[in-house]
Amino acid sequence: AFDGLNKAKEHPDIGLMIIDFHIPGLDGLSLVTKIRSIDGLRKVPVIMLSSESEEDHAEQIQSTGANVWLQKPHKEDDLMEQVEKLLNQG
């Protein structure tokens, strides 16, 4: 998780992040919170992936600022649809 955060800091022109809820060292919600606290990364769209349901974590998800939550397993078409939507918003 921290490697990804450091890479994102090095490349603030990143267009989109896809983050798993369960990642070693730091959970996905905490990672998104950290990303949102960095000036150059605040507006980067984030898709959160998890095997848990959104209902279980809806309040936490909203507070972090993740743009989309997809429950695993998900269809590749669903992920690509969300990626296209988020990339075309800017």
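We're numbering straight along the sequence, starting at 1.
- Between Asn88 and Lys85 there is no side-chain heavy-atom pair separated by less than 4.5 Å.
- Heavy atoms only, all atoms of each residue included: Asn67 and Val44 are closest at OD1-O, 4.0 Å.
- Other residues, nucleotides and ligands contribute only 12 or fewer heavy atoms inside 6.0 Å of the CD atom of Glu76.
- Within the 4.5 Å cutoff, no side-chain heavy atoms of Arg36 are placed close to those of Thr64.
- For the atom pair CD of Glu81 and CG of Leu86, the computed distance is 10.5 Å after rounding to the nearest 0.5 Å.
- Using a 4.5 Å cut-off on side-chain heavy atoms (C-beta onward), Phe21 and Leu29 make contact.
- By the 4.5 Å heavy-atom criterion applied to side chains, Leu49 and Ile19 are not counted as neighbours.
- We find the CD-CD distance between Glu84 and Gln89 to be 12.5 Å, quoted to the nearest 0.5 Å.
- In this structure, Met17 and Ile35 have side chains that are in contact, with non-hydrogen atoms separated by less than 4.5 Å.
- Residues Val83 and Ile18 are in side-chain contact: their nearest non-hydrogen atoms beyond the backbone lie under 4.5 Å apart.
- In this structure, Asp20 contributes its side chain and Ile23 its backbone to no donor-acceptor pair below 3.5 Å.
- Looking at every heavy atom in both residues, Pro45 comes nearest to Gly15 through CD-O, 3.2 Å.
- In the displayed structure, Lys43 atom NZ is contacted under 6.0 Å by at most 12 heavy atoms of other residues, nucleotides or ligands.
- Smallest separation of non-hydrogen atoms from Met48 and Ala66: CB-CB, 4.4 Å.
- Atoms CG and OG, on Leu5 and Ser37 in that order, are 8.0 Å from each other to the nearest 0.5 Å.
- Val68 has its side chain within reach of Leu70: a pair of non-hydrogen atoms, C-beta onward, lies under 4.5 Å apart.
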